[in-house]
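Note that these values count all heavy atoms, side chains included, but never hydrogens, waters or copies made by symmetry. To find a chain, count down the sequence lines: A is the first, B the second, and so on, and within it residues start at 1.
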Protein chains: 2
Amino acid sequence: MPANRAFVLNSRPSRETPAGPHNFRYVESDIGEPGDGQVLVRHHYLSLDPYMRGRMNDAKSYAQPQPLGEVMVGGTVGEVVASRNPRFAVGDHVVGSGGWQLYSLSDGRGLRKIEGGTPMQAWLGPVGMPGVTAWYGVNKIIAPQAGETVVVSAATGAVGSVVGQLAKLAGAKAVGIAGGAAKCEFAVKELGYDICVDHSDADFGDRLKAALPDGINGIFENVGGKPFEQAMLWLNPFARIALCGLVASGYDGTPTPLPDVRVLLNTRSRMEGFIVSDHMALWPQALGELAGHVAAGRIRWRETVAQGLEAAPQAFFAMLKGGNFGKQLVKLVE
Amino acid sequence: MPANRAFVLNSRPSRETPAGPHNFRYVESDIGEPGDGQVLVRHHYLSLDPYMRGRMNDAKSYAQPQPLGEVMVGGTVGEVVASRNPRFAVGDHVVGSGGWQLYSLSDGRGLRKIEGGTPMQAWLGPVGMPGVTAWYGVNKIIAPQAGETVVVSAATGAVGSVVGQLAKLAGAKAVGIAGGAAKCEFAVKELGYDICVDHSDADFGDRLKAALPDGINGIFENVGGKPFEQAMLWLNPFARIALCGLVASGYDGTPTPLPDVRVLLNTRSRMEGFIVSDHMALWPQALGELAGHVAAGRIRWRETVAQGLEAAPQAFFAMLKGGNFGKQLVKLVE
């Protein structure tokens, strides 16, 4: 009976006490053995994603809040170490939502077997939730045409890196926005962005304008705040803005305003918020296409890997501040 | 050779000198006789519409600015009084864009013959540009389902009155917003709105909230400003916001902000600006459906008619302040 370790949500952020590692509590437990129909998974990687910050709040959002005292929600990949479920055998590699812990015991719902070839943790990235998120926003909201210009904030992140490459595969010009010279260099040299603008530059606004001689046909917004504000100045007619995330904004009361909605009227543009979990019926198609791109080397990505479950809270808040480079993972096995 | 009279745009509004009748100049001219292929129309009615205010500016907008010194643009209905164009005979009733003048001479492009039954001026209202505008926003953006709630600002206006009735025909609940008790009473009693909230009431926000026990699935926005701001507080998931006009805002530098775009993300809602002239291919279908509704009495409307061309400038600015009740027309014949 393996000794499990986990982080539970211990308290919620407040105006007086902003979110931080202190909101999590480290717990140890016996995970138990699988009962009839159950499967026990040992997690190799935990995925850290911005949506988790929203779940810490009790506020009205698109998802139920994370309950206090329960293991934090999170995507995981790992291997089956015990099974009394006919769909899974010991040694199977599986992706699921095992949470911030070393092991998870479940009835197998939401657990998917993954096949070899691609590194296991890719199923938490380009062929996982972040990849499908990119796929949905690009294909179902922006629908870039050849020659159009698509702007992507957090351009090297787990979602953004896939957005840029899908936009290029559609024949569009991809303009990235990222924080720091290293990320911008990676965006252009490795991910194929036509240009990348560093939002930490003092003259970011001027540089972004210079990067957009033909205006903007699509925005894939992961960040909000200044990058969003500046991009919205250069919409072409009939632009499409996919609102995917606003990590620069909102959780702690800093809004991302649109100063005048008239910009959407004057340009006849469309802005749409979306959450990939609303579109589960499209996941098989999306994952199939993404797996094909990854296998063929058409989609590349980068990871930042924290070592050991104990590192998860610090890594999570560092990621929210842009401290990660690519997909943020926590490695849970030696 | 009839003596024509017209208003031309004489100057543009500025921050120092806001828009007013002084921006127009009254001119007299000889209209001339039709040359080969031309048709001369005597206008019976001129349509006054909010979009004209945008044309007075030189600013970037969805349309070309109205050129200084030229006859103000505007929709007209009238009768053919002379024709050297085989498509039109003397006595035909036609709808077109004849401008703020008594007569127009043209090659017949953009001129459409209208048939009897419905009063001529309806082709400037529910079976004209305002009606098609309503049809597009309702059918192509909001797409209301039975039982959903649709909010309509300027609920009794040329566009809004058709929006409310189309929403009801789709089985939705229609909640109007209008200025004053008389318009609200008309909205409910004559146009079939389930409820109408007066935005001039001191407790407008509370009353709107009370009118929306099931939240909002669609907004057809004609006004901006406070009605928009208050409605955006009550979006249900997957709401659709059709941005059609912002008469309360913008022309004179008063923006209609969205305080935090996160509302679109949290509710996975879509906001889209549109201009009906972008969608000319849909006009025949829209006009056909609208004409059927009007003929069957399923769409009703109200008009405010100013008498004589000279009254047009005052009537136009009164309309922009909500002084009209229903479709604003100018009658150009005795």
Which pair of non-hydrogen atoms, one from Leu246(A) and one from Arg262(B), has the smallest distance, and what is that distance? O-NH2, 3.1 Å
Nearest heavy atoms of Phe274(A) and Leu265(B), plus distance in Å: O-CD1, 3.6 Å
Nearest 0.5 Å please: distance from the [atom1] atom of [X] over to the [atom2] atom of [Y].
X: Leu258(B); Y: Met271(A); atom1: CG; atom2: CE; answer: 7.5 Å
X: Ile241(A); Y: Arg270(B); atom1: CD1; atom2: CZ; answer: 13.0 Å
X: Asp278(A); Y: Arg268(B); atom1: CG; atom2: CZ; answer: 4.0 Å

Under 4.5 Å from any heavy atom of chain A, what part of Pro259(B) do you find: side chain, backbone, both or neither? backbone
At a heavy-atom distance under 4.5 Å, which candidate from Gly273(A), Pro257(A), Ser269(A) has the highest pair count against chain B? Gly273(A)
NZ (Lys209(A)) with more than 12 external heavy atoms under 6.0 Å: no
Side-chain donor or acceptor of Asp260(B) paired with backbone N/O of Thr256(A) under 3.5 Å: yes
